[in-house]
J.: 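I'd like to ask some things about the structure below.
Only this structure's heavy atoms are used, side chains among them; waters, hydrogens and symmetry mates stay out. Residue numbers begin at 1 in each chain, while the letters A, B, ... track the order of the sequences.
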There are 2 protein chains.
Amino acid sequence: MVDVVKQLAGIPLFAGLSKSQYEALARIALRRSCRKGELIFSEGDAGTGFFVVLTGRVKIFKVSADGKEQILHLFGPGESFGEVSVFTGQGFPADAVTAVQSALLFFPRQAFGALIQQNPALALNMIAQLSRRLMQFAGLIEDLSLKEVPGRLAKYLLFLSETSAAGVMTLDVSKGQLASLLGTIPETLSRILAKMNRQELIRSRGAQIRILDRRGLEEIALEGKKL
Amino acid sequence: MVDVVKQLAGIPLFAGLSKSQYEALARIALRRSCRKGELIFSEGDAGTGFFVVLTGRVKIFKVSADGKEQILHLFGPGESFGEVSVFTGQGFPADAVTAVQSALLFFPRQAFGALIQQNPALALNMIAQLSRRLMQFAGLIEDLSLKEVPGRLAKYLLFLSETSAAGVMTLDVSKGQLASLLGTIPETLSRILAKMNRQELIRSRGAQIRILDRRGLEEIALEGKKL
DNA sequence: ACATCTCTTTGACTTATGTCAAAGCACTTT
DNA sequence: AAAGTGCTTTGACATAAGTCAAAGAGATGT
């Protein structure tokens, strides 16, 4: 219990809460360990609560009738997921599986509902959280509808380069998963990477990628320039 | 002022609040009238507050570098928009224009922030609101990424038929706007409608559409069957 | 080192959807 | 009614991206 309190402190959703509020949260939280590839919930399952990632990584995704998948989110330590169906009362809107061995906290719906009603700060954190996610979704919708795959990839690479040290960066997901994140398939992604290499925009070998022509990538990502 | 209170009562975001809470909201709300096509905010504008539609209709959309638009939402009476940037502090994520002559209420950020901190019920309403919208976005992402245009159209028609009286239904947006809502262009939409007519799935003339083969549409919408 | 997987790349091909241009319709304005 | 304006439809065409199949590369375990 005590160590759960400690872990809660690093979670943005719970930022700035009082000690007693942490304890109240810790009291209702349930720990769960999942090995890689474990199904946490399926689309349509009744939302009996939501989760926080302590360690590992969880993939939230939709699957089409013929098996293609679109990743909606990849959540890492400190991030929460499944809140939405706690509040809409509808089933989960997508599937969730662990991408790697992971440790989760589960917050049951009823108990958490009671808590949030008495903690305005928690409610406001939740609002901020949902707002950020909505913004992110708006961006994904824009990308899927208005950009071509090279544009989405360029945007992703530029974004990744901000977070990573100078020079070389390393993809933190497999290329197949990256394809799904960008709303395409591995073959298409592979071809586009090859083309970007040929045009000296990037230099990639395996998961290592170095940006050679930042401006060129920006033109593709933002101005819709063709590859 | 008094009549503003009356109008607030019909707004889901404010459902179930007390009389004094309505009055507090009415005190900070500003009225605004917009004629058709008026720009309410642009992507990137600082979010100084959010809006509620009293009458009319507002279109929230993204535009690509080369002018194609993707509608994110069409909001009608009682619905609110622009909340997200109130809580993230970032600029508006998309553009908003009135689709027809409309009357809006504007809630300034600061004042509303103060209110929501003291009204747990209001905060919970906001959470429910954002959650619903997130779910809706997840559906749009799924459609854009995993369904083809005929599937999206079939889904839209089936959805519309639920809300409308038996038999014939009338499109409540122009076909150009419908195309933008479905993530495509008018030409493509037109061709697909023509094809659905030829295959006796629907019978459409102008904005009037009658569903002839519901099961057939469902196969296209849900099972990805080809047109 | 070898065999076995899984992931990635490449090639040839198909197809859905976008582009461009023109014609058709419907509505308003005069 | 005529003329203008903005939607919608249709046709011919271009192309981005998916499908299918096979080969290559990298890991992992025995």
J.: With distance as the sole test, does A/Asp95 use its side chain to make a donor-acceptor pair with the main-chain N or O of A/Ser42 at under 3.5 Å?
T.: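 No: the side chain of A/Asp95 does not pair with the backbone of A/Ser42.
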J.: Just to confirm, is there a sub-4.0 Å distance from OP1 or OP2 of C/dT6 to any side-chain nitrogen or oxygen of A/Ser174?
T.: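 For C/dT6, neither OP1 nor OP2 has a side-chain N or O of A/Ser174 closer than 4.0 Å.
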J.: To the nearest angstrom, how far is B/Leu171 atom CG from D/dC7 atom C1'?
T.: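 The distance from CG of B/Leu171 to C1' of D/dC7 comes to 13 Å, rounded to the nearest Å.
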J.: Quickly work out the A/Gln208 CD to D/dG26 P distance and round it to whole Å.
T.: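 That distance rounds to 13 Å.
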J.: In terms of side-chain geometry, is the basic nitrogen of A/Arg215 or A/Glu223 positioned less than 4.0 Å from the acidic oxygen of its partner?
T.: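 Result for this pair is yes, salt bridge flagged.
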J.: Calculate the interatomic distance between B/Ile192 atom CD1 and C/dG18 atom C1'; express it in whole Å.
T.: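 The distance from CD1 of B/Ile192 to C1' of C/dG18 comes to 12 Å, rounded to the nearest Å.
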J.: Are any of the side-chain nitrogens in A/Glu38 or A/Arg32 under 4.0 Å away from the carboxylate oxygens of its partner?
T.: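 Counted as a salt bridge, because a side-chain N and a carboxylate O are separated by less than 4.0 Å.
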J.: In a check of side-chain hydrogen bond (donor to acceptor under 3.5 Å, both in side chains) between B/Ser145 and each of A/Glu69, A/Lys62, A/Gln70, which one passes?
T.: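 It is A/Gln70; the other options fail the test.
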J.: Is there a donor-acceptor pair closer than 3.5 Å between any side-chain N or O of A/Ser161 and the backbone N or O of A/Leu158?
T.: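 Looks like yes, one N/O pair under 3.5 Å.
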J.: What parts of residues 140-154 of chain B reach DNA chain D, counting only heavy atoms under 4.0 Å away?
T.: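 Close to the strand, none.
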J.: Starting at the 5' end of nucleotides 9-14 of chain C, put B wherever the base has a protein heavy atom under 4.0 Å, S where only the sugar-phosphate does, and a dash everywhere else.
T.: BBBB--
J.: Take atom CD1 of B/Ile185 and atom C1' of D/dT8, then tell me their distance rounded to the nearest Å.
T.: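 Whole-Å distance recorded here is 13 Å.
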J.: Is the backbone of B/Ser204 close enough, under 3.5 Å, to the side chain of B/Asn197 for a donor and an acceptor to pair up by distance?
T.: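 Yes, the answer is positive, given that a donor and an acceptor are paired below the 3.5 Å cut-off.
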J.: Rounded to the Å, how far apart are A/Gln70 CD and D/dG18 P?
T.: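 For the pair A/Gln70 CD and D/dG18 P, the rounded distance is 11 Å.
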J.: Given the side-chain rings of A/Phe106 and A/Phe112, with only the six-membered ring counted for Trp, is the space between their centroids under 6.0 Å?
T.: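 No: the rings miss the under 6.0 Å criterion.
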J.: Provide, to the nearest angstrom, the distance between the NZ atom belonging to B/Lys195 and the P atom belonging to C/dT15.
T.: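 Going from B/Lys195 (NZ) to C/dT15 (P), I get 11 Å.
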J.: Between A/Phe81 and A/Phe50, is the gap from one ring center to the other below 6.0 Å?
T.: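 No, ring centres 6.0 Å or more apart.
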J.: Calculate the interatomic distance between B/Arg205 atom CZ and D/dT8 atom P; express it in whole Å.
T.: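 Interatomic distance, CZ of B/Arg205 to P of D/dT8: 16 Å.
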J.: Would you mind checking if A/Glu218 and A/Lys155 are paired as a salt bridge, meaning a charged N to carboxylate O distance below 4.0 Å?
T.: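 Salt bridge absent between A/Lys155 and A/Glu218.
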J.: B/Lys68 has an atom NZ; how far is it from atom P of C/dT19, in whole Å?
T.: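 Taking NZ of B/Lys68 and P of C/dT19, I get 7 Å after rounding.
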